[in-house]
Amino acid sequence: ASSPLYNVEAAVQVAHAITVHAVQIDNDYFTAVDDLNNGADELGAGHIGEAGFAAGVFYLYVCIDKTMLTENLQNDSELVNKTLAALVESMTKVAPTGKQNSFASRAHTSYLLAEKGTQQPRSLSVAFLKPIQGQDILKNAVKSLTAQADSFNAVYGECYESNCDYIGSVDETRGSLNNVIKFITKD
């Protein structure tokens, strides 16, 4: 930051992921033993602890300024497309590695909507100000999200020139991650 030569304007904005429904936090009370403790010096557990955890369907908003990314990558269109493909694939398929041995959280994205255009982008997070309820949280969340997009479009006009989406769930499969990557990398 102290050297203007290395200052680069960020080309990607990532909002905090939020659950689309009310979440119940559960606690995992655990103990860990020291297998090498023969009881000569100390007795008892090596560690006693508690970890909070929850499961949820999350909404994540990511905004990519492709023009800025292209400038940041010295107008190398091949590198820009590789970067976009890697970003989209990683944000849809890669889970944080913390606590994987305890919780094995390896979820993939079940619904993705990509919009492309030159107008002001918009987050659709307000679709979840009222928590989603019901037996099929994912289906109801997608319905709420698309209804919010339709409402914004009716009030402000479409903020995109084109869009592409996919859904991959037990009840419905439509589109694909590869189609979204092709859509995003296409000029």
Side-chain angles (χ1 to χ4, degrees), residues 10-64 83-115 121-152 163-181 184:
V12 179
Q13 302 164 355
V14 181
H16 288 281
I18 59 170
T19 55
V20 302
H21 52 85
V23 174
Q24 173 80 29
I25 304 294
D26 289 312
N27 292 306
D28 179 23
Y29 176 80
F30 63 91
T31 61
V33 298
D34 183 352
D35 291 337
L36 300 178
N37 184 353
N38 61 11
D41 298 324
E42 295 180 28
L43 296 174
H47 177 74
I48 297 175
E50 185 178 307
F53 67 95
V57 174
F58 290 89
Y59 171 79
L60 174 65
Y61 174 75
V62 177
C63 181
I64 303 166
T83 301
L84 288 170
L87 175 63
V88 172
E89 185 167 357
S90 65
M91 71 183 194
T92 58
K93 293 171 51 176
V94 177
T97 57
K99 294 287 195 177
Q100 283 298 348
N101 290 338
S102 300
F103 299 108
S105 176
R106 305 276 185 201
H108 284 195
T109 298
S110 297
Y111 178 74
L112 177 83
L113 170 64
E115 298 175 333
R122 84 280 175 89
S123 168
L124 298 171
S125 61
V126 295
F128 309 114
L129 291 177
K130 179 180 176 188
I132 300 299
Q133 297 181 2
Q135 293 296 314
D136 193 337
I137 297 289
L138 176 61
K139 187 174 189 175
N140 293 342
V142 171
K143 186 176 177 181
S144 182
L145 185 80
T146 55
Q148 184 62 56
D150 291 344
S151 292
F152 276 164
N163 67 0
C164 180
D165 69 346
Y166 77 82
I167 187 165
S169 70
V170 174
D171 293 338
E172 182 181 358
T173 301
R174 173 177 40 84
S176 71
L177 176 59
N178 286 336
N179 286 348
V180 172
I181 289 172
I184 289 174

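The side-chain heavy atoms of Phe128 and Thr19, taken from C-beta on, include no pair separated by under 4.5 Å. Inter-residue side-chain proximity for Leu129 and Val126 is flagged as met; some heavy-atom pair is nearer than 4.5 Å. In this structure, Tyr61 and Val14 have side chains that are not in contact, with every pair of non-hydrogen atoms separated by 4.5 Å or more. The shortest side-chain heavy-atom distance between Ile64 and Gln13 does not fall under the 4.5 Å cut-off. No side-chain heavy atom of Ile25 sits less than 4.5 Å from a side-chain heavy atom of Phe53. When side chains are defined from C-beta on, Val180 does not count as touching Asp165, because their heavy atoms never get closer than 4.5 Å. Contact annotation: the side chain of Ile18 never approaches that of Phe58 to less than 4.5 Å [non-hydrogen atoms, C-beta and beyond].
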Output side-chain donor-acceptor pairs under 3.5 Å for residues 102-109, partner residues at least two apart or in another chain, one line each.
{"from": "Thr109", "atom 1": "OG1", "to": "Thr92", "atom 2": "O", "distance (Å)": "3.3"}

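Looking at every heavy atom in both residues, Ala127 comes nearest to Ser144 through O-OG, 2.8 Å.
In this structure, Asn101 places its CG atom where only 12 or fewer heavy-atom neighbours from other residues, nucleotides or ligands lie under 6.0 Å away.
With sequence neighbours left out, the ring pair (Phe, Tyr, Trp, His ring centres under 6.0 Å) criterion links Tyr111 to no other residue.
Atom CG of Leu60 and atom CE of Met91 lie 7.0 Å apart (nearest 0.5 Å).
In this structure, His21 contributes its side chain and Ile137 its backbone to no donor-acceptor pair below 3.5 Å.
Evaluated for a side chain to side chain contact (heavy atoms under 4.5 Å, CB included) with Ile167, the options Leu112, Leu113, Thr173, Val142 yield exactly one hit, Val142.
Sorted by first and then second residue, the side-chain hydrogen bond (donor to acceptor under 3.5 Å, both in side chains) pairs involving residues 124-141 (not counting sequence neighbours) are Ser123-Ser125.
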